[in-house]
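Convention: sequence-line order gives letters A, B, ...; per-chain numbering from 1. If you're wondering where the values come from, they're calculated on a predicted model, not measured in any experiment.
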Number of protein chains: 2
Amino acid sequence: MSQLHTIGEAAADSGVSAKMIRHYEKIGLIGAAERTEAGYRLYGPAEIHTLRFIRRARNLGFSVDDIVELLGLWHDEKRASKDVREVAAGHLGALRAKAAEILSMIDALEHLIAGCTNDDRPDCPILKDLSNDANPALAKEVGHKFGYQRVC
Amino acid sequence: MSQLHTIGEAAADSGVSAKMIRHYEKIGLIGAAERTEAGYRLYGPAEIHTLRFIRRARNLGFSVDDIVELLGLWHDEKRASKDVREVAAGHLGALRAKAAEILSMIDALEHLIAGCTNDDRPDCPILKDLSNDANPALAKEVGHKFGYQRVC
DNA sequence: ATAGGGCTTCCCATCATGGGAAGGTCAAGA
DNA sequence: TCTTGACCTTCCCATGATGGGAAGCCCTAT
């Protein structure tokens, strides 16, 4: 008994909020916890270890779906390291794509801000760029289906 | 009449989906569109220009709340360029923070993956790190309220 | 006994976006 | 003229991870 913890203690010890622990249980990421007679959830060292694993994986940006896989591999003594690597590499690719996207936004925004007079005059290259039909800010070539011609 | 467009045409011309145009109307980012007798929304050049403005701002990662401000400034002849700059600079700061977060995840993940044997053996430094209590992967100093001591 | 803090479940909100159903409208072709 | 198909309308639901908050039960210290 002495190593069984309530959800609040498990949260403090693992860094995962009580709210999220219940959520992870509900979506099946972790199994249903033991309960006291009064219905309180109880967590032992193994469960808290798992929660820490989950928190670390979340800190690395892994999605819950990824973590389902990682936990399965973690508990699978016959796992192949390349299977783990595959999950990690997939996530790394997604992170790199996201980083590239954000960095290009930063780049574009820095250029716009650099051109701003930063005073009380209304002239503003930022708004000029955003409203300029000829110079679409950071145009994503996505979703522009200009095949249609106007009907009216 | 000849320059009035249905929502599908406005979507194609602006790069904002019809779904989102209706959504922007509902949340008040844009005003209610004119309607035909049958209830179809109609968009003129000014509205489509605004939609393009919105799409460009979204491409730069501005939130809808930011865009409300930017549209207000855009239409305000007496705006001060520094007010625009302030909105943009605030967003830039958020983007930089996000980028730093993602880059540190990438960095940590690259190190883990580099140590992976990538074969059929079960030994795996990635899982080892995630499960290692002593070496928390990319520990965020966030949310660790370790003031509490275990009660049990 | 009572107060306060922790626990339970349930519902709602975020943020931007899309999917899909049920039904009305319109234009082109048989 | 009728049909067909592509559009439009509104309404509801889902995403993903997280938190807020209410109503009510439980436990412990005063």
Side-chain angles (χ1 to χ4, degrees), chain A residues 1 4-30 32-43 51 54-55 57-68 91 94 98 101 105 140 142-143 145 147-152, chain B residues 1 4-30 32-43 51 54-55 57-68 91 94 98 101 105 140 142-143 145 147-152:
Chain A
M1 282 302 185
L4 291 180
H5 302 270
T6 61
I7 197 170
E9 294 158 355
D13 280 5
S14 68
V16 179
S17 73
K19 225 45 172 173
M20 289 312 297
I21 295 174
R22 294 192 195 98
H23 178 63
Y24 290 154
E25 179 182 316
K26 186 163 54 180
I27 65 176
L29 177 59
I30 58 180
E34 274 185 81
R35 302 281 185 134
T36 66
E37 290 188 0
Y40 284 24
R41 287 176 180 80
L42 290 175
Y43 299 89
L51 288 172
I54 292 169
R55 177 181 51 80
R58 291 287 309 133
N59 285 351
L60 288 172
F62 283 100
S63 70
V64 166
D65 277 356
D66 284 341
I67 297 176
V68 168
H91 176 49
K98 192 72 192 166
E101 190 186 346
M105 286 178 184
K140 291 181 189 167
V142 166
K145 303 139 192 159
Y148 304 51
Q149 282 309 309
R150 306 179 187 181
V151 172
C152 304
Chain B
M1 284 302 185
L4 291 180
H5 303 270
T6 61
I7 196 168
E9 293 158 355
D13 280 4
S14 67
V16 179
S17 73
K19 214 70 164 159
M20 290 311 297
I21 295 175
R22 293 192 195 99
H23 178 63
Y24 290 154
E25 179 181 316
K26 186 162 54 178
I27 66 176
L29 178 58
I30 58 180
E34 272 185 83
R35 302 282 186 134
T36 66
E37 288 188 2
Y40 284 25
R41 287 176 181 80
L42 290 175
Y43 298 89
L51 288 171
I54 292 170
R55 178 181 50 78
R58 291 286 310 135
N59 285 352
L60 287 173
F62 283 99
S63 70
V64 167
D65 277 356
D66 284 341
I67 298 176
V68 168
H91 176 50
K98 192 75 192 163
E101 190 185 346
M105 287 179 183
K140 290 181 188 167
V142 166
K145 303 141 195 158
Y148 305 49
Q149 282 308 312
R150 305 177 186 180
V151 172
C152 305

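The line from CZ of A:R55 to CD1 of A:I67 is 11.5 Å long, rounded to the nearest 0.5 Å. Note that the CD1 atom of A:I7 and the NE2 atom of A:H5 stand 13.5 Å from one another [nearest 0.5 Å].
For the pair B:T6 and B:E9, the tightest heavy-atom approach, listed with the atom from each and the gap, is N-OE1, 3.0 Å. Between B:S17 and B:A11, the closest heavy-atom pair is C-CB, 4.0 Å. The minimum heavy-atom distance between A:M105 and B:N59, with the atom names listed, is CE-O, 3.3 Å.
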Strictly under 4.0 angstrom, non-hydrogen atoms only: write out the protein contact profile of nucleotides 19-30 of chain D, one letter per nucleotide from the 5' end, B, S or -. SBB----BS---
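The salt bridge (charged side-chain N to carboxylate O under 4.0 Å, His left out) test applied to B:K98 returns B:E101, not counting sequence neighbours. Here A:F62 pairs with A:H91 under the ring pair (Phe, Tyr, Trp, His ring centres under 6.0 Å) rule; sequence neighbours left out.
OP1 and OP2 of D:dA17 both lie 4.0 Å or more from every side-chain N or O belonging to A:Y24. Put simply, B:T6 has no side-chain N or O that comes within less than 4.0 Å of OP1 or OP2 on D:dC7.
In this structure, A:I30 and A:I21 have side chains that are in contact, with non-hydrogen atoms separated by less than 4.5 Å. By the 4.5 Å heavy-atom criterion applied to side chains, B:Y43 and B:D13 are not counted as neighbours.
Distance from the side chain of A:R22 is smallest to C:dT9 among D:dA17, C:dA16, C:dT9. Considering only the side chain of B:R35, D:dT10 comes nearest among D:dA17, D:dT10, C:dT17.
Look at CD on A:E25: it is 9 Å from P on C:dT8, rounded to the nearest Å. Between A:E9 atom CD and C:dG5 atom P there is a gap of 16 Å when expressed in whole angstrom units. Rounded to whole angstrom, the span from the OH atom of B:Y43 across to the C1' atom of D:dT9 amounts to 12 Å. With rounding to whole Å, A:K26 atom NZ is found 8 Å from C:dC10 atom P. Taking atom CG of A:L42 as the reference point, atom P of C:dG6 lies 17 Å away to the nearest angstrom. Atom CG in B:L4 sits about 17 Å away from atom C1' in D:dC7, given to the nearest Å. Rounding to whole angstrom units, NE2 of residue B:H91 and P of C:dC15 are separated by 15 Å. As rounded to whole Å, 17 Å separates atom C1' of C:dT8 from atom CD of A:E34.
Rounded to 10°, the angle separating the first-five-pair axis and the last-five-pair axis of the helix from C:dA1-D:dT30 to C:dA30-D:dT1 equals 30°.
Of the two residues contacting DNA chain C, namely B:S63 and A:G39, the nearest-nucleotide position lying further toward the 5' end is that of A:G39.
The list of side-chain hydrogen bond (donor to acceptor under 3.5 Å, both in side chains) pairs with a residue in residues 20-30 of chain A, not counting sequence neighbours, reads A:E25-A:R41.
Using a 4.0 Å heavy-atom distance criterion, B:R41 is classed as a sugar-phosphate-only contact. Nucleic acid contact for A:F62: none, since no nucleic acid atom lies under 4.0 Å from a heavy atom of the residue.
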